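The structure appears below as structure tokens.
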Amino acid sequence: MFKRSLAVLPSLVIATLMAACSTGGTKGADTEPRGGSQPPKAQAEPVTLQFYHTSTGVTVDKFMEDYGNAIKKKFPHVTPVFTPLEKGNTLPDMIAAGKTIDILWSSIGHLHGNLLEYGLQYDISELVKKYKYDLNRFEPTSIEMMRQAANGGIYGLPIGNSSAAMFYNKDLFDKFGVAYPKDGMTWDETYELAKRMTRTEGGKQYRGMTFSFQHMALLNPFSLPHVDPTTDKATFSSDAKWARFTENYLRFNRIPGNEVDAKQMLLAYQSAVFFDEKISAMHATLSGGNPWAAPNMDMIDVVTLPTFKELPGVGPQGYPYYFYVTSMSKHKEQSFEVIAYLGSDEFQMERSKKGFISSLDNPDVHKAFGTESPYFQGKKLNLKALVPEKLAKPAPKTKYQSIADAKLLASWYEMVQGKKDINTGLGQAAEATDKVIETEKGKAKK
């Protein structure tokens, strides 16, 4: 399940599997009027609310299990209806058919290409104010991301979170007599460990480190945006920290025995050799998945994602997912009532117990993580490593994020194969991004 989810990220894999948060105080959770654990009270008239998710893989049954049943129990007057994303039910299909979506949810990575692309955004600031709903209860960067996207407003509430972490195979470390990775390691220390764990034994090639470069770049701890929101220009060649960031990952694929060809550099392979073939010692990826849900995963544990020496103690950025009240909804207050409940202490506590990373800044909720999940029973896992103590400041995202992401990844493939050096690769990624952005702007003017 974890591997399949990674193949469609960014998405609500982060929503369905975990989902990748955070630690802190219980700000605002002490009094009902501040929105601590009780949602606002709208008129209890019978209402049907249509839910929609921007990624595939969520069935009606899964929606009801994760959200719908709890909503019906809390609000007997609300009938939640979910339409899965599938052929004939894409977001453009829904809009063209005149179907109303009351509540849409997606990861932060799908915000621009869905909610904003189709003009479905609705600023709920007045409803937050009217019901005195306390946004300080949430992990701070998840609210900051939304403020950035909404130009100071707020389109939705973060209902789950994730970040990035480093999973490792205990069996391989035991096999080779090497000490396990630890929380708080730097990338330099991890590189030395990857060199030790990359070896051939019994005719089998073992890899010291695999990773998802695309998601590492998305959550980079330098808080580098892919596109400058002021100029709409790619930043890959204009900010030297991109070269520093990229070189860090390239060196792992230069370790003899850990090189990759055109197929092996793909995320599907990088994930499969760790989770399926079990020949990779360490794997850096999004922390929102649940590898322990897959068979024969008792040998997996996790540590915090390594840090850059110039950023001591700073983890990657968060990757929350949000529930949005849409502009087309005719039941905005009732919809807000529902998403406010999904962000309540009550609901978040139950989700955390089941092994979903909470979006709250509440240590009690995080402490309960996985306590009622069958995947964690009887296992001593370093679950606190799934979310760093200090998330990096969120980098602003623009409507051109997916364009820049694709061009960076295309150049990454060429840099890994040695076809381009870092400066050339990043420069061409920036040029290609800028060219497509200019084309898109030209289309918009017509």
Side-chain angles (χ1 to χ4, degrees), residues 6-11 14 107-113 117 145 148-149 163-164 187 209-254 260-271 283-286 305 308 311 316-319 392-441:
L6 286 173
V8 298
L9 286 168
S11 79
I14 300 183
S107 65
I108 187 64
H110 281 195
L111 170 65
H112 285 278
E117 176 69 19
M145 286 185 197
Q148 288 177 346
S163 185
W187 279 112
M209 166 67 84
T210 51
F211 50 84
S212 168
F213 177 76
Q214 181 179 20
H215 299 108
M216 296 301 100
L218 184 67
L219 306 185
N220 74 84
F222 293 101
S223 303
L224 298 167
H226 286 48
V227 176
D228 187 315
T230 303
T231 64
D232 286 338
K233 298 290 186 181
T235 64
F236 305 135
S237 59
S238 60
D239 194 320
K241 289 191 286 294
W242 269 116
R244 165 74 173 110
F245 175 83
T246 304
E247 169 60 30
N248 175 66
Y249 288 93
L250 278 175
R251 60 177 169 167
F252 285 92
N253 288 141
R254 294 178 183 141
V260 292
D261 59 25
K263 177 182 177 181
Q264 294 168 340
M265 69 182 68
L266 300 176
L267 174 57
Y269 176 87
Q270 294 280 297
S271 177
H283 185 63
T285 189
L286 293 170
L305 192 72
F308 286 83
L311 295 173
Q317 299 172 55
Y319 196 78
K393 182 180 177 63
K397 312 259 185 322
T398 75
K399 63 186 295 184
Y400 306 113
Q401 177 73 32
S402 61
I403 295 171
D405 182 58
K407 298 305 180 183
L408 176 62
L409 194 59
S411 283
W412 164 258
Y413 292 159
E414 295 192 316
M415 289 185 281
V416 170
Q417 295 178 87
K419 295 179 179 180
K420 290 186 174 68
D421 59 44
I422 289 178
N423 290 332
T424 301
L426 291 177
Q428 291 187 357
E431 291 175 8
T433 299
D434 292 346
K435 183 176 180 179
V436 176
I437 289 175
E438 286 304 312
T439 299
E440 291 299 311
K441 285 185 171 181

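No experiment lies behind these values; they were computed from the predicted model shown.
Atom CD in Gln270 sits 8.5 Å away from atom CG in Leu266 (nearest 0.5 Å). For the atom pair Phe252 CZ and Leu250 CG, the distance stands at 11.0 Å (nearest 0.5 Å). In this structure, CG in Leu224 is found 12.0 Å from CZ in Arg244, a value given to the nearest 0.5 Å.
Not a single donor-acceptor pair under 3.5 Å links the side chain of Glu440 to the backbone N or O of Ile403. Put simply, the side chain of Asp434 gets close to the backbone of Ala234: a donor and an acceptor are under 3.5 Å apart. Between the Ser237 side chain and the Gly427 main chain, no donor and acceptor come within less than 3.5 Å of each other. Side-chain atoms of Asn220 come within 3.5 Å of backbone atoms of Ala217 as a donor-acceptor pair (strictly under, hydrogens ignored). Using a distance-only test at 3.5 Å, with no hydrogens or angles considered, a donor-acceptor pair links the side chain of Thr246 to the main chain of Trp242. Looking only at distances, no side-chain donor or acceptor of Gln317 sits under 3.5 Å from a matching main-chain atom of Ala392. Counting only distance, with no hydrogens or angles, the side chain of Glu414 and the backbone of Ala410 share no donor-acceptor pair below 3.5 Å. Listed for the His112 side chain is a donor-acceptor partner under 3.5 Å among the backbone atoms of Lys397.
Taking 4.5 Å as the limit, some side-chain heavy atom of Trp187 sits within range of a side-chain heavy atom of Leu305. In this structure the side chain of Thr210 never reaches within 4.5 angstrom of the side chain of Val260, judged on heavy atoms. Between Leu408 and Phe213, some side-chain heavy-atom pair lies under the 4.5 Å cut-off. A heavy-atom distance below 4.5 Å is not found between the side chains of His226 and Thr433. Side-chain contact between Lys233 and Glu438 is present, with at least one heavy-atom pair separated by less than 4.5 Å. Within the 4.5 Å cutoff, the side chain of Phe245 has heavy atoms near those of the Met216 side chain. In this structure, Tyr249 and Met415 have side chains that are not in contact, with every pair of non-hydrogen atoms separated by 4.5 Å or more.
No more than 12 heavy atoms of other residues, nucleotides or ligands sit less than 6.0 Å from atom NZ of Lys419. For Lys407, the NZ atom sits in a loose shell: 12 or fewer heavy atoms of surrounding residues, nucleotides or ligands are nearer than 6.0 Å.
With sequence neighbours left out, Glu117 forms a side-chain contact (heavy atoms from CB on, under 4.5 Å) with no residue at all.
The two atoms that bring His283 and Phe211 nearest to each other are ND1-N, 3.7 Å, heavy atoms only. In this structure, Val227 and Thr235 approach most closely via the heavy-atom pair C-CG2, 4.1 Å. What you find for Gln428 and Ser411 is that their closest heavy atoms are C-OG, 4.3 Å. Taking all atoms of both residues into account, the shortest heavy-atom contact from Pro221 to Leu311 is O-CD1, 3.6 Å. When all heavy atoms of Thr424 and Lys420 are compared, the closest pair comes out as CG2-CD, 4.1 Å. Across Leu111 and Ala149, no two heavy atoms sit closer than the pair CD2-CB, 3.2 Å.
Taking the six-membered ring wherever Trp is involved, the centroid distance between the rings of Phe236 and Trp412 does not fall below 6.0 Å.
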